[in-house]
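Step one of this worksheet: look at the structure below.
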Amino acid sequence: MTRPLSEQELIRRENLQKMIDLGINPYPNETYPISHYSNEIHEGFAEDNEKYSAVCLAGRLMSRRIMGKASFAEIQDTHGRIQIYVNRDEICPGEDKTLYNQVFKKLLDLGDYIGIKGHAFLTQTGTLSIHVTELKVLSKSVKPLPVVKTDAEGNTYDAVSDPEFKYRQRYVDLTVNPEVRQTFVQRSAMINAMREFMTQKGYLEVETPVLQPLYGGAAARPFKTHHNTLDTQFYLRIANELYLKRLIVGGYDGVFEFAKDFRNEGMSRFHNPEFTMMELYVAYKDYEWMMDFTEEMLEFVAMKVHGTTDIQVGDNVISFKRPWKRFSMYGAIEHFTGVDVSEMDEDTMRKAAEDMGVHIDKTMARGKIIDEIFGEKCEHQLIQPTFITDYPVEMSPLAKKHRDKPGLVERFEAICNAKEICNAFSELNDPLDQRQRFEHQLELGKRGDEEAMQLDEDYLRALEYGMPPTAGIGIGIDRLAMIMTNQPSIQDVLLFPQMKPEGE
RNA sequence: GACCGGUUAGCUCAGCUGGUAGAGCAACGCCCUUUUAAGGCGUGGGUCCUGGGUUCGAGCCCCAGACCGGUCACCA
């Protein structure tokens with residue numbers, strides 16, 4: 001498993017030893033007194049260059065241009081890069097030129113952490129730089145980092161682009177590709193904006209169990225695990241819905257959680273086995289209210305992340321400006337296919353679906369056929385955020401029956417960039433109806449549906465005590481992050497996407 | 001799971017109809033006191049993903065496998 005060291009790795013280890021031989025600790029312990037970050041100087045120098053006559057920065061050495069007795073180099077800190085100017089006779093004022101001739105020119109390698117003190121100035125070509133008077137090694141790198149170069153036009157050369165490299169060694173990707181760091185800054189800004197928005201409304205952020213004796217709240221296959229002391233099988237949660245609604249029963253008017261959920265299913269550009277879902281439940285509200293809330297929140301999020309509601313995603317500009325388009329599911333099918341299926345019975349609909357070229361099989365009931373038609377004929381055309389409302393009851397065992405459309409439930413999804421970004425409904429709070437729906441799920445399970453829900457007696461007990469009318473929503477944070485950061489795959493918005501273990 | 005594509009130096013990539021591997025950057029040596037994808041001269045560096053096979057000879061052809069990506073299937 002240990003491979004022989006490459007030539008460059010050997011040289012770096014030799015450099016490390018030579019530093020030690022010179023009495024330099026390549027891994028010093030003490031705090032380094034940073035006074036500024038690169039971006040502060042870039043932003044502030046033009047206004048007041050006096051302010052930066054004594055600065056102290058630290059970061060990785062990312063490039064080095066040696067010209068005899070003077071050199072330019074770049075260091076990269078957490079906020080960017082800045083050029084440094086190192087003059088032999090200034091960092092080595094006496095006879096001993098070791099620090100420049102040996103340490104700086106020979107023993108330092110790209111990727112090493114150094115600290116520098118000096119003053120900011122403009123070079124003859126007008127580049128902001130730090131004129132270095134003191135230089136200290138803060139941490140030695142013994143493995144060569146890929147060298148990514150950018151020219152004056154902003155073209156990058158030799159960027160690490162192999163996805164396997166990027167995902168397995170995210171630390172390298174982040175070090176060397178600044179736009180990757182930016183993506184995760186934006187993801188964090190997005191989540192902060194949502195948290196701020198909901199907290200300001202007075203909703204309570206809570207935490208609920210990841211290890212659950214019964215899994216529920218979604219249709220998915222779970223991961224199983226085992227607790228030794230209790231000698232009990234647990235599941236990693238596929239959703240936290242049923243726990244949050246127990247809290248509504250308990251008397252909180254609004255609760256939300258950014259939850260890591262786990263689903264034991266296929267992986268793809270849109271699916272990671274563990275992913276983040278934000279779920280929110282608000283008492284005394286219905287799904288109409290929740291649609292308004294969703295628009296308002298995501299408009300706020302877009303403004304917070306980008307300063308505008310118009311976001312470039314692939315070839316499209318997606319506008320999160322309110323109000324969004326709304327279609328009932330039947331309405332969307334009629335709009336995109338010209339066929340009104342709302343009054344059709346199952347056999348007629350099956351024929352209609354086949355006529356449209358939608359693939360269906362005999363096991364599909366009416367609700368499933370509707371879903372198939374929508375999925376194949378409508379969803380991919382919905383680029384701008386669009387609400388689709390009123391789903392067939394069979395597919396929504398936790399949603400309240402529609403107040404005046406038989407066979408449907410009060411449910412909506414928002415589709416954006418041809419993908420679902422959230423799922424919401426007026427929550428079913430009738431305990432007797434809920435019991436029947438669970439029992440129907442058990443039937444499906446017996447018929448071999450691996451994703452059928454389990455019957456959760458404790459949840460039913462909670463509903464029997466009484467849950468106020470409640471609106472709930474789940475927002476796929478990773479999917480939303482893909483849109484907000486303009487990334488084509490979920491792996492690009494997860495710092496450590498799931499991968500097969502590396503072979504030895 | 002099926003099909004397609006990829007895997008060659010630290011990184012990005014070439015490599016023809018099969019003749020025992022090449023560039024740029026990085027590295028190493030020398031020169032250079034305001035450069036900037038710094039420059040000049042010189043040098044080294046490879047389990048060509050793995051294992052079989054065909055062949056006088058395989059980075060290239062054949063078979064099996066690994067990993068990654070894409071599409072589809074499955075799926076919120």
Side-chain angles (χ1 to χ4, degrees), chain A residues 3-12 14-15 62-74 81 83-91 100 105-106 109-111 121-129 131 141-169 172-173 176-177 217-221 238-239 241 261 263-273 275 277 359 371 375 379 391 395-396 413 415 419-423 449-451 474-476 478-479 488-492 497 499-504:
Chain A
R3 306 189 55 182
L5 294 174
S6 69
E7 181 190 38
Q8 293 193 47
E9 288 171 312
L10 287 169
I11 288 165
R12 283 171 181 243
E14 283 167 19
N15 288 346
M62 295 304 281
S63 72
R64 189 171 40 173
R65 297 180 284 278
I66 295 169
M67 294 162 300
K69 301 182 186 67
S71 303
F72 288 94
E74 282 175 298
R81 288 189 186 193
Q83 179 169 276
I84 64 175
Y85 173 73
V86 182
N87 183 301
R88 186 192 69 183
D89 296 330
E90 297 187 45
I91 64 165
Y100 184 78
K105 278 170 63 174
K106 301 268 174 73
D109 292 299
L110 298 187
F121 76 110
L122 291 179
T123 64
Q124 286 176 4
T125 52
T127 304
L128 178 62
S129 307
H131 198 122
S141 160
V142 294
K143 203 169 174 63
L145 226 37
V147 176
V148 180
K149 296 203 171 189
T150 306
D151 68 17
E153 278 86 56
N155 303 311
T156 57
Y157 301 84
D158 302 340
V160 174
S161 55
D162 173 18
E164 185 168 2
F165 193 136
K166 287 164 63 72
Y167 303 151
R168 285 197 196 278
Q169 300 188 53
V172 174
D173 190 30
V176 136
N177 294 328
R221 277 145 62 193
I238 59 172
E241 170 158 357
D261 292 339
R263 297 185 185 175
N264 207 343
E265 291 167 348
M267 293 164 64
S268 76
R269 196 153 75 81
F270 297 100
H271 302 263
N272 197 63
F275 63 100
M277 176 90 88
H359 296 288
D371 192 54
E379 195 170 41
Y391 285 65
M395 310 184 53
S396 313
E413 293 186 359
I415 313 290
K419 280 281 164 186
E420 171 207 343
I421 55 170
C422 69
N423 182 19
D449 183 346
E450 289 187 89
E451 297 182 346
I475 298 180
D478 311 294
R479 299 262 179 99
S489 80
I490 199 168
Q491 285 78 17
D492 293 315
M499 305 277 278
K500 275 209 180 187
E502 273 183 279
E504 294 293 299

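In the text below, chain A, chain B and the rest are named by the order of the sequence lines, each starting its count at 1.
- Residue Thr150(A) is in sugar-phosphate contact alone, with no base atom involved, counting any heavy-atom pair closer than 4.0 Å across all strands shown.
- Using bins of under 30°, 30° to 60° and over 60° for the plane-to-plane angle, the ring pair Tyr85(A)/His131(A) lands in the perpendicular bin.
- For C11(B) and G18(B), the C1' atoms lie 29 Å apart once the distance is rounded to whole Å.
- When heavy atoms are screened at a 4.0 angstrom cut-off, Glu451(A) is found touching the sugar-phosphate backbone but no base atom.
- In this structure, the CZ atom of Phe165(A) is 15 Å from the C1' atom of C13(B), given to the nearest Å.
- In this structure, G69(B) forms a base pair with C4(B), meeting either the Watson-Crick or the G-U wobble geometry with both donor-acceptor distances under 3.5 Å.
- Remark: Arg168(A) is not in phosphate contact with C67(B), judged by side-chain N or O atoms under 4.0 Å from OP1 or OP2.
- Nucleotides G51(B) and G19(B) are separated by 24 Å at their C1' atoms, to the nearest Å.
- Comparing G65(B) with U71(B), their P atoms are spaced 24 Å from each other, to the whole Å.
- Side-chain polar atoms of Asn15(A) and Asp109(A) form a donor-acceptor pair below 3.5 angstrom.
- Nucleotide G42(B) forms a Watson-Crick or G-U wobble pair with C28(B), both donor-acceptor distances falling under 3.5 Å.
- In this structure, Asp151(A) places its CG atom 18 Å from P of G24(B), rounding to the nearest Å.
- On the C1' atoms, U54(B) is 31 Å away from G69(B), given to the nearest whole Å.
- Here U35(B) is the nucleotide among C28(B), U33(B), U35(B) with the atom lying nearest to any side-chain atom of Ser129(A).
- Across all strands shown, A64(B) forms a Watson-Crick or G-U wobble pair, both distances under 3.5 Å, with U50(B).
- Comparing Glu164(A) and Val160(A) along RNA chain B, the residue whose closest nucleotide (by nearest heavy atom) sits nearer the 5' end is Val160(A).
- Across all strands, Ile66(A) comes closer than 4.0 Å to base atoms (heavy-atom distances).
- With hydrogens and angles ignored, no donor-acceptor pair closer than 3.5 Å exists between the side chain of Asp162(A) and the base of G6(B).
- Side-chain atoms of Tyr100(A) and Asn87(A) form no donor-acceptor pair, as typed in the model, at a separation below 3.5 Å.
- Distance check, rounded to the nearest 0.5 Å: CG of Leu110(A) to CE of Met62(A) gives 8.0 Å.
- Salt bridge present: Glu9(A) and Lys143(A) bring a charged side-chain N and a carboxylate O closer than 4.0 Å.
- OP1 or OP2 of U35(B) has not a single side-chain nitrogen or oxygen of Arg65(A) nearer than 4.0 Å.
- Only the C1' atoms considered, A73(B) is 37 Å distant from A14(B), to the nearest whole Å.
- Put simply, the side chain of Glu7(A) and the base of A27(B) share no donor and acceptor less than 3.5 Å apart.
- Remark: G57(B) base-pairs with no nucleotide in the shown strands. Criterion, Watson-Crick or G-U wobble with two distances under 3.5 Å.
- Residue Arg88(A) is out of contact with every strand shown, counting any heavy-atom pair closer than 4.0 Å.
- Between Met267(A) and Ala218(A), the residue anchored nearer the 5' end of RNA chain B, judged by the nucleotide with its closest heavy atom, is Met267(A).
- With both ends at atom P, the span from A37(B) to C4(B) equals 45 Å, rounded to whole Å.
- Taking only side-chain nitrogens and oxygens, Lys149(A) comes nearer than 4.0 Å to OP1 or OP2 of A38(B).
- Side chain Gln83(A) to base U35(B): a donor-acceptor pair is found below 3.5 Å.
- Taking atom CG of residue Asn272(A) and atom P of nucleotide G69(B), one finds them 11 Å apart after rounding to whole Å.
- A26(B) sits 7 Å from G10(B) when the C1' atoms are compared, rounded to a whole Å.
- Across every strand in view, U35(B) sits unpaired, with no contact that passes the Watson-Crick or G-U test at under 3.5 angstrom.
- Comparing the same atom, C1', in G57(B) and in G53(B) gives a spacing of 15 Å after rounding to whole Å.
- Of all non-hydrogen atoms in Met277(A) and Gly474(A), the two that sit nearest each other are SD-C, 3.9 Å.
- Under the Watson-Crick or G-U wobble criterion, with both distances below 3.5 Å, A23(B) is paired with U12(B).
- In terms of phosphate contacts, Lys69(A) brings no side-chain nitrogen or oxygen within less than 4.0 Å of OP1 or OP2 of C31(B).
- For Arg263(A) (side chain) and Ile238(A) (main-chain N/O), a donor-acceptor pair under 3.5 Å exists by modelled atom type.
- Residue His359(A) contributes atom NE2, which lies 17 Å from atom C1' of C75(B) at whole-angstrom precision.
- Here Ser161(A) reaches the OP1 or OP2 of C13(B): one of its side-chain N or O atoms lies under 4.0 Å away.
- The minimum heavy-atom distance between Gly111(A) and Leu145(A), with the atom names listed, is CA-CD2, 3.9 Å.
- Contact annotation for Gln8(A): base contact, defined as any heavy-atom pair under 4.0 Å involving a base atom.
- The OH atom of Tyr100(A) sits 11 Å away from the P atom of C32(B) (whole-angstrom rounding).
- Stacking of the aromatic ring of Tyr157(A) onto the base of A37(B) is found: the ring centres lie under 5.5 Å apart and the planes are inclined by under 30°.
- Residue Lys105(A) is classed as having no contact, given no heavy-atom separation below 4.0 Å to the nucleic acid.
- Nearest nucleotide to the Lys500(A) side chain, out of C67(B), U35(B), C25(B): C67(B).
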